Amino acid sequence: MNSIVDSILTMKMDVYIQQDTQDPDTGAMKKEWIYSRTVPCHAKGMITNTSSRSGDKQTIGNTYINQQTIEIRTENRITIREKITNIRDLSDSPIWTELNYPVETPTVFELTGSTPITDPFGGILGYNSSARRSENQVIGV
């Protein structure tokens, strides 16, 4: 890839892929998230004052809702069948975490979309993706 683009991917994140299996006794489909890879990235929170794209939002009603949306830049495409977590800086410190006692755990995000970043000649330099905080913060097996 382009060394200029590589220089801005100063973070890392873990990617998990969805694997569907069928229970042999009941026939029920089970969804599991399996660790796939760690990729270089650059992530940032989305802050806006418009209603079409929202940043962090917390709502208390019948249920508590905590919405966070982030933008992620990567060299390779990430699909909506993948979840990401453990976004961390160069010193391996998690950037987004959940306050779970007794320790904080890395926030799990679900991809909502991805678009290529192209050069003036139509070549793909990387991908910009948007992700939102997953309601289910348990991942892996």
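Computed from a predicted structure; not experimentally measured.
Between Glu104 and Thr97 the shortest heavy-atom distance is OE1-OG1, 2.6 Å. What you find for Tyr127 and Glu75 is that their closest heavy atoms are CD1-O, 3.6 Å. Closest approach of Thr107 to Thr85, counting heavy atoms only: O-OG1, 3.0 Å. Of all non-hydrogen atoms in Gly45 and Ile70, the two that sit nearest each other are CA-CG2, 4.1 Å. Closest of all the heavy-atom pairs between Gln68 and Trp96 is NE2-CD1, 4.1 Å.
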As a quick check of understanding, evaluate side-chain contact (heavy atoms from CB on, under 4.5 Å) for Ile72 and Ile84, giving each step before the final call.
CA-CA 10 Å; Ile72 307 161; Ile84 60 166; 2.9 Å; yes
Test Thr38 against Arg88 for side-chain contact (heavy atoms from CB on, under 4.5 Å), laying out the working first.
CA-CA 11 Å; Thr38 297; Arg88 53 203 185 275; 3.3 Å; yes
Quick one, Asp89 with Ile95, criterion side-chain contact (heavy atoms from CB on, under 4.5 Å). Give me CA distance, side-chain angles, the key distance, then yes/no.
CA-CA 7 Å; Asp89 60 20; Ile95 297 172; 4.3 Å; yes
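Contact annotation: the side chain of Lys83 never approaches that of Phe109 to less than 4.5 Å [non-hydrogen atoms, C-beta and beyond]. Ile87 has its side chain within reach of Met11: a pair of non-hydrogen atoms, C-beta onward, lies under 4.5 Å apart. Counting heavy atoms from C-beta outward, Val39 and Val15 have side chains that approach closer than 4.5 Å. Two residues are said to be in side-chain contact when any heavy atoms from C-beta on lie closer than 4.5 Å; Ile17 and Arg37 fail this criterion. Residues Arg81 and Asp20 have side chains in contact (heavy-atom distance under 4.5 Å, counting atoms from C-beta outward). In this structure the side chain of Leu9 reaches within 4.5 angstrom of the side chain of Arg73, judged on heavy atoms.
The structure places CD1 of Ile34 at 10.5 Å from CD of Gln18, a figure rounded to the nearest 0.5 Å. In this structure, the separation between CD on Glu110 and CD on Glu82 is 12.5 Å, given to the nearest 0.5 Å. To the nearest 0.5 Å, atoms CG (Asn128) and CD1 (Ile117) are separated by 4.0 Å. How far OG1 of Thr105 is from CD1 of Ile139: 11.0 Å, rounded to the nearest 0.5 Å.
Considering only residues two or more places apart in sequence or on other chains, Arg77 meets the side-chain hydrogen bond (donor to acceptor under 3.5 Å, both in side chains) condition with none of them. Every residue two or more places apart in sequence or in another chain that forms a side-chain contact (heavy atoms from CB on, under 4.5 Å) with Asn136 is listed here: Ser134, Val138. For the side-chain hydrogen bond (donor to acceptor under 3.5 Å, both in side chains) test, residues two or more places apart in sequence or in another chain that qualify with Ser129 are Ser114. When the side-chain hydrogen bond (donor to acceptor under 3.5 Å, both in side chains) test is applied to Lys12, the partners found at least two apart in sequence or on another chain are Asp92. In this view, Glu135 satisfies the side-chain hydrogen bond (donor to acceptor under 3.5 Å, both in side chains) rule with no residue, not counting sequence neighbours.
The number of heavy atoms from other shown groups lying within 6.0 Å of CD1 (Ile80) does not exceed 12.
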Validation: residues 23-31 side-chain donor-acceptor distances under 3.5 Å, sequence neighbours left out:
residue : atom : partner : partner atom : Å
Asp23   : OD1  : Asp25   : N            : 2.7
Asp23   : OD1  : Thr26   : N            : 3.1
Thr26   : OG1  : Ala28   : N            : 3.2

